[in-house]
A.B. asks: 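Just passing along the structure, written as structure tokens.
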Amino acid sequence: MRLYSTKSKENFVSLEEAVFKGLPDDNGLYMPEAIPQLPDAFLKSLKGQSFQDIGFEICRHLFQGVIPDSDLRSIIGNAINFPAPIVRLDDETYVLELFHGPSLAFKDFGARFMAQLMSYFNRGNGRELVILVATSGDTGGAVAAGFYKTPGIKVVVLYPSDKVSHLQEKQLTTLGENITAIEVDGTFDDCQALVKQAFLDRDLTMNIRLSSANSINIARLIPQSFYYFEAYKQLPDDGRPVVFCVPSGNFGNLTAGLFAKKMGLPVHQFIAATNSNDIVPAYLNTGEYRPRPSVPTLSNAMDVGNPSNFARMFDLFGSTWNNFRQDIKGYAFSDAQTEAAMRQVFSEHNGYVIDPHGAVGILALRAYQTAAKEPMKGVVLETAHPAKFLPDVERILGRRIVVPERLAVLAEREKHAVRLGTDFGTFKEWLVANF
Ligand SMILES: *Cc1c(COP(=O)(O)O)cnc(C)c1O
């Protein structure tokens, strides 16, 4: 398997290089040279395949021998160790619950798979690998949980003091073992600046094997294609077309869906659901891509003003607006509409609690179905557990909701964090003293 940069299609790198580098030097994004179609026999036998079998088959075709089968099996077994169940709301509407992992959001799939791949490629290397991540809250939790107890790898998570939620802070600071949290007296941008400077410091990079766990790493996208197949296999087999509705921010999830379709999954339509940060729906309407500063909303993991995976989607569509518009329909909704949808899902579907991101998805699916007027199976990706947004969800529904045990226990655990300022010299000294 080789990968190219969306900005220079002549220079290829190996999977290992793409995973460790994260971003090509030219600031494009890595893309697989080929996304092979899976064998017909496999696609026809989906119902008999486990989630792990599906992941294995996809990776075997994509990686083309880079990783021996037995190692690949164990990488997938370790990464994909929680389910992605489909819940039926009504005959036209299914919810794909992607929140059964440790941090209660779909990002667990990508983070765990990336951790396993890095650990595999780092095997036999005497030097331990140190992953630096700056987080504004959510990504850090998934990355910390994903790398927890991974052999040969240490993780340093930098977060801005007092600027992440209480539970998010607990997710970062209570794991221990190979995970260290650094509480920075500054902003998220300060955290990011410290990480960037560390990568530019020759002294550091000569002595410590540093890597990042960037959200645009190709290793995070690949396992996200697995659950489109996993969802498809759970749907009733009645010949109606299948549409996937994806609540989107940086569009990693949707891009992974496009990979799945290229591999042969019969997806009739993708629907991009956004909050008022509607850069992609606007592009689908006008043909003009106009990034702009994000505005804060209730579905805050989708508050993105310049979606990083746009370049990957554009590349997949042969850089034409028309192809883009054919495969993806886009809809955007306000916070007031999102709140109303959460209440409606609760009252019309037996008290099902959907989180604000999933609710934006429900709205977009309904808009598409109303316009299409044909029978279909609609699948909305539920990207996070509603308990992650407890105060909002309880206020909107006017009732208490059940917090999963794995989140509830965090409140009792003791916080351990190293407190630092925004000065790079001090951060560097700390790194040198500790690794
Ligand atoms: C990250 C995230 C999203 C956005 O996913 P993208 O792949 O960036 O489009 C949506 N919902 C939740 C809960 C998230 O954490």
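This is a predicted model, so every value here is computed, not measured.
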A.B. asks: For the pair F324 and F317, name the ring-plane relationship: parallel under 30°, tilted 30 to 60°, perpendicular over 60°.
C.D. replies: tilted

A.B. asks: I want to check something: taking the side chain as every heavy atom from C-beta on, are D185 and R419 in contact at a cut-off of under 4.5 Å?
C.D. replies: yes

A.B. asks: With no hydrogens and no angle check, is any side-chain donor or acceptor of Q234 less than 3.5 Å from a backbone partner on I86?
C.D. replies: yes

A.B. asks: Can V155 and T180 be said to form a side chain to side chain contact (heavy atoms under 4.5 Å, CB included), step by step?
C.D. replies: CA-CA 6 Å; V155 176; T180 306; over 6 Å; no

A.B. asks: Judged by modelled atom types alone, do T297 and N275 share a side-chain donor-acceptor pair under 3.5 Å?
C.D. replies: yes

A.B. asks: Side chains of E33 and Y4: donor-acceptor distance under 3.5 Å anywhere?
C.D. replies: no

A.B. asks: Taking the six-membered ring for Trp, is the centroid-to-centroid distance between F314 and Y289 below 6.0 Å?
C.D. replies: no

A.B. asks: Could you pull out all donor-acceptor pairs under 3.5 Å where a side-chain atom in residues 244-269 meets a protein atom, sequence neighbours excluded?
C.D. replies:
residue, atom, partner, partner atom, Å
S248, OG, V246, O, 2.8
N250, OD1, S308, N, 3.0
N250, OD1, S308, OG, 3.3
N253, OD1, Q224, NE2, 3.0
N253, OD1, Y227, OH, 2.5
T255, OG1, F251, O, 2.6
K261, NZ, V267, O, 3.2
Q269, NE2, Q326, O, 3.3
Q269, NE2, D327, O, 3.0

A.B. asks: Answer with yes or no whether the side chains of N309 and R312 bring together a donor and an acceptor at under 3.5 Å.
C.D. replies: yes

A.B. asks: Would you be so kind as to tabulate the donor-acceptor pairs closer than 3.5 Å made by side chains of residues 115-123, with sequence neighbours excluded?
C.D. replies:
residue, atom, partner, partner atom, Å
Q116, OE1, N78, ND2, 3.3
N122, OD1, R209, NE, 3.1
N122, OD1, R209, NH2, 2.7
R123, NH1, Y120, O, 2.9

A.B. asks: Is a side-chain donor-acceptor pair under 3.5 Å present for S334 with Q337?
C.D. replies: yes

A.B. asks: Charged N to carboxylate O under 4.0 angstrom, D190 versus K163?
C.D. replies: no

